[in-house]
Amino acid sequence: MNVEKETLILNTTEEDIEKAAEIIKAGGLVAFPTETVYGLGADAFNAHAVQSIYEAKGRPSDNPTIVHIADYDSINKIAANVTEDMRRLAVAFWPGPMTMVVKKKPEVPSVTTGGLETVGVRLPETYEARELIRKSGTAIAAPSANISGCPSPTSWEHVYKDMNGKIDAIIKGGRCKHGIESSVIDMTEDIPMVLRPGVITAEMFSIVLGKDVVLDPTLNRMPEGDFVPKAPGMKYKHYAPRAEVTVFAGDPFKARATMDTRAARLRQEGNSVAVIEFQDEETAGRELFGRLRDADEINVDYIFIKAVSEEGMGFAVMNRMLKAAGYNVIEC
Ligand code: TXA
Ligand code: MG
């Protein structure tokens, strides 16, 4: 059982980031803003500290964390070897929403990688995140700072709601610029594979590398049989609010009309229904998790969401939306 502790709310001043870094050095847990979602950080080389991330989140122990670094050279402390392809991706996309899965150095504890011989590495964009890592003098293992299975936090209030009393501190930054987690690309095989889609698309990776990049074939499909995703975290129930979620796909006008008709009928029967539609894929990425949380806050029974295009980063948005809905989709 977790013992309740007092969670410090810190600002983004030098002084407060310094305090946060002291907590990391002492083996504590600090939530911090990144451009994707808020992370829940611990010293990546302190197995005991990383173990307590899993406890605070209620996260399955075979789901590896992402190791965050403050500058490119620090990859040498994490990765067993750095290839030319890895270097190219880093130059093109770091700091930014990209995690590369690489062979790990023996110094990276196995609890940090969920028992795998590979490790996900990311150099985040926000100043607060990089200052925290730099001042801590280590690399920071950080999954998203939500209770396992809930939508990822895109504001410090979301983190507070899930983690108050369970972690040592929260750095109170702004809202996250992208709102969905980083693209995860496996660089351990000859053909790089996108394990989790994000703002940086397979096409973008492929252009930079000048070669084919494939998508994990399990992405954006109803899971079946032993067809399991390669990123351990992608197999778990995720982003799921309490309300029943339905995605309305197909012709956009028909989808909207169908949502409205069904919502009206359910409301007549005494249910509360949240109907969500986004202007474009970027807005959907930024707002999806927050809207799912809002709907739960006001205790709705049903959430209806209109699908966005699967083009570009829309593929990543649909990945999260389909999971939130448990693949409950109505084609219109
Ligand atoms: O944007 C992000 O990546 C955020 C911020 C905080 O940086 N972090 C994040 O972490 O989303 P998390 O733990 O919620 O998701 C990590 C994902 C999981 O699906 C996990 O299975 C996968 O990355 N992953 C991490 N290391 C891996 C590895 N060695 N092999 C395969 N998948 C890995
Ligand atoms: Mg997560």
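These numbers were taken from a predicted model, which means no experiment stands behind them. Indexing begins at 1, ligand by ligand and atom by atom, following the structure's order. Computation of the quantities below employed the complete heavy-atom set of this structure, encompassing side-chain atoms and omitting hydrogens, waters and symmetry-equivalent molecules.
Between atom 31 (C) of ligand 1 and the options V199, D216, I140, L195, the minimum heavy-atom separation is to L195. When the heavy atoms of P60, G114, A142, G39 are ranked by distance to atom 8 (N) of ligand 1, first place goes to A142. Comparing P97, S144, S182, S183 by heavy-atom distance to atom 14 (O) of ligand 1, the nearest is S144. Between the choices M98, K103, E125, H68, the shortest heavy-atom distance to atom 7 (O) of ligand 1 belongs to H68.
In this structure, CD1 in I330 is found 5.5 Å from OG1 in T246, a value given to the nearest 0.5 Å. From I133, atom CD1 reaches atom CD1 of I69 across 8.0 Å, with rounding to the nearest 0.5 Å.
For the pair K5 (side chain) and I167 (backbone), a donor-acceptor distance under 3.5 Å is absent. With hydrogens and angles disregarded, a donor-acceptor distance shorter than 3.5 Å links the side chain of R130 to the backbone of E125.
Note: an N/O pair closer than 3.5 Å links R196 and ligand 1 by distance alone. For R59, a nitrogen or oxygen atom sits less than 3.5 Å from a nitrogen or oxygen atom of ligand 1, counting backbone and side chain alike.
A salt bridge links R293 to D162: at least one charged side-chain nitrogen sits closer than 4.0 Å to a carboxylate oxygen. Between K166 and E55 there is no salt bridge, since no side-chain nitrogen of the basic residue lies less than 4.0 Å from a carboxylate oxygen of the acidic one.
Counting the atoms of ligand 1 from 1 in the order shown, those under 4.0 Å from a heavy atom of T65 are 25 (C), 26 (N). Taking every non-hydrogen atom of E181 and a distance limit under 4.0 Å, the qualifying atoms of ligand 1 come out as 1 (O), 2 (C), 11 (O). Interface of L116 with ligand 1, defined as ligand atoms under 4.0 Å from a residue heavy atom, comprises 28 (C), 29 (N), 30 (N). Of all the atoms in ligand 1, the ones that sit under 4.0 Å from a non-hydrogen atom of T118 are 28 (C), 29 (N), 30 (N). If you number the atoms of ligand 1 from 1 as listed, the ones under 4.0 Å from a heavy atom of T36 come out as 1 (O), 2 (C), 4 (C), 5 (C). Heavy-atom contacts of N63 reach the following atoms of ligand 1: 18 (C), 20 (C), 21 (O) (cutoff under 4.0 Å).
Y54 and I140 fall into different hydrophobic clusters, defined by Ile, Leu, Val, Met, Phe, Trp and Tyr side-chain heavy atoms under 4.5 Å apart, directly or through other members.
Remark: aromatic rings of Y38 and F32 are distant, center separation not under 6.0 Å.
Residue contacts to the Mg ion (ligand 2): S152 brings no N, O or S atom closer than 2.8 Å.
Counting heavy-atom neighbours within 6.0 Å of E84 CD, excluding the residue itself, gives a total above 12.
Proximity of V119 to ligand 1, defined as any heavy-atom pair under 4.0 Å, is confined to the backbone N, CA, C and O atoms.
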